[in-house]
Amino acid sequence: MRKPFLAGNWKMNKTAAEAQGLVKELLALLADTQDRDVAICPAFPCLAAVAQLIQGSKLRLGAQNMYFEDSGAYTGEVSADMLLAVGAEYVILGHSERRAYFGENNEIVNKKLKKALAKGLGPIVCVGEVLEEREAGKAEFVVEDHVRGAFAGISEAEAARVTIAYEPVWAIGTGKTATPNDADSMHAHIRKVLSALYSPALAENLRIQYGGSVNDKNIDELMRMPNIDGALVGGASLKAESFARIVKFIP
Ligand code: PGA
């Protein structure tokens with residue numbers, strides 16, 4: 001059985017003080033959470049402050065990005081060791097905003113994934129097509145290319161520690177969600193690709209989150225789909241009530 005995994009991607013929002021306020025509200029609302037993994041992914045300057053507050057709670061900490069080198073002259077970048085030292089357990093890799101605005105491609109995502117796994121972080125690898133690709137009937141092809149590119153040269157034992165987030169780019173921050181059926185069928189396609197790359201067992205056990213305008217109104221329906229194991233939530237993770245309701249989805 002795949003345990004549901006809900007993660008909040010705060011993107012470039014919240015100062016450290018604002019992040020602390022949100023976390024305090026979340027801790028109160030989520031104190032009784034069971035049978036669900038929950039992570040929040042604040043911006044780098046907030047990680048330390050948030051880590052302190054969530055110690056001993058069920059909330060886990062993730063970062064939104066990292067660089068694939070260990071250390072050195074890479075101005076502006078952050079290493080896996082730095083994330084671990086501050087208490088992060090997860091890291092989002094290959095988010096579509098990184099691909100679109102910061103030139104990340106499959107090769108870079110693959111290098112980052114290898115480094116994150118080698119260091120013991122729990123990677124959340126984002127894949128997903130843009131609108132033109134969907135309209136041209138290429139969505140499955142693009143997502144397969146993202147999965148194959150990210151996982152190139154990664155062993156089955158390591159791959160088993162990855163979470164995939166399927167985020168159709170046209171659904172991110174737009175209020176348009178993929179229908180639960182469309183999302184589920186892409187998740188099933190991702191499992192088929194993983195089965196071919198690794199094994200049916202890995203494909204069955206790996207968690208696949210859906211992301212793209214997930215909110216407290218559509219989460220229940222999404223989570224009822226057989227291949228959807230959780231959500232990567234942007235906008236709706238910035239308010240404690242809506243994120244808490246998402247975490248407490250009703251199956
Ligand atoms: P959204 O973002 O929920 O605001 O659409 C999701 C994401 O980009 O991870």
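Quick caveat, the model's predicted, so the values are computed rather than measured. By convention here, the first residue in the shown sequence is residue 1. For ligands, and for the atoms within them, numbers begin at 1 and follow the listed sequence. Both backbone and side-chain heavy atoms feed into the values below; hydrogens, waters and symmetry mates do not.
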Close N/O pairs between ligand 1 and protein, under 3.5 Å:
unit_1   : atom_1 : unit_2 : atom_2 : d
ligand 1 : 2 (O)  : Lys11  : NZ     : 3.2
ligand 1 : 3 (O)  : Ser213 : N      : 3.4
ligand 1 : 3 (O)  : Gly234 : N      : 2.8
ligand 1 : 4 (O)  : Gly235 : N      : 2.9
ligand 1 : 5 (O)  : Gly173 : N      : 2.6
ligand 1 : 5 (O)  : Ser213 : N      : 2.7
ligand 1 : 8 (O)  : Lys11  : NZ     : 2.7
ligand 1 : 8 (O)  : His95  : NE2    : 2.7
ligand 1 : 9 (O)  : Asn9   : ND2    : 3.4
ligand 1 : 9 (O)  : His95  : NE2    : 3.3
ligand 1 : 9 (O)  : Glu167 : OE1    : 3.3
ligand 1 : 9 (O)  : Glu167 : OE2    : 2.7

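Qualifying side chain to side chain contact (heavy atoms under 4.5 Å, CB included) partners for Asn218, counting only residues two or more places apart in sequence or in other chains: Thr177, Val214, Asn215, Leu222. Glu144 meets the salt bridge (charged side-chain N to carboxylate O under 4.0 Å, His left out) test with Arg148; sequence neighbours excluded. For Asp81, the side-chain hydrogen bond (donor to acceptor under 3.5 Å, both in side chains) partners two or more places apart in sequence, or in a different chain, are Lys119.
Using the six-membered ring where Trp is involved, Tyr90 and Phe5 have ring planes that are tilted, between 30° and 60° apart.
Listed here is the closest heavy atom pair of Pro123 and Leu93: CB-CD1, 4.0 Å.
With hydrogens and angles ignored, the 3.5 Å screen pairs a side-chain donor or acceptor of Arg191 with a backbone N or O of Ala203.
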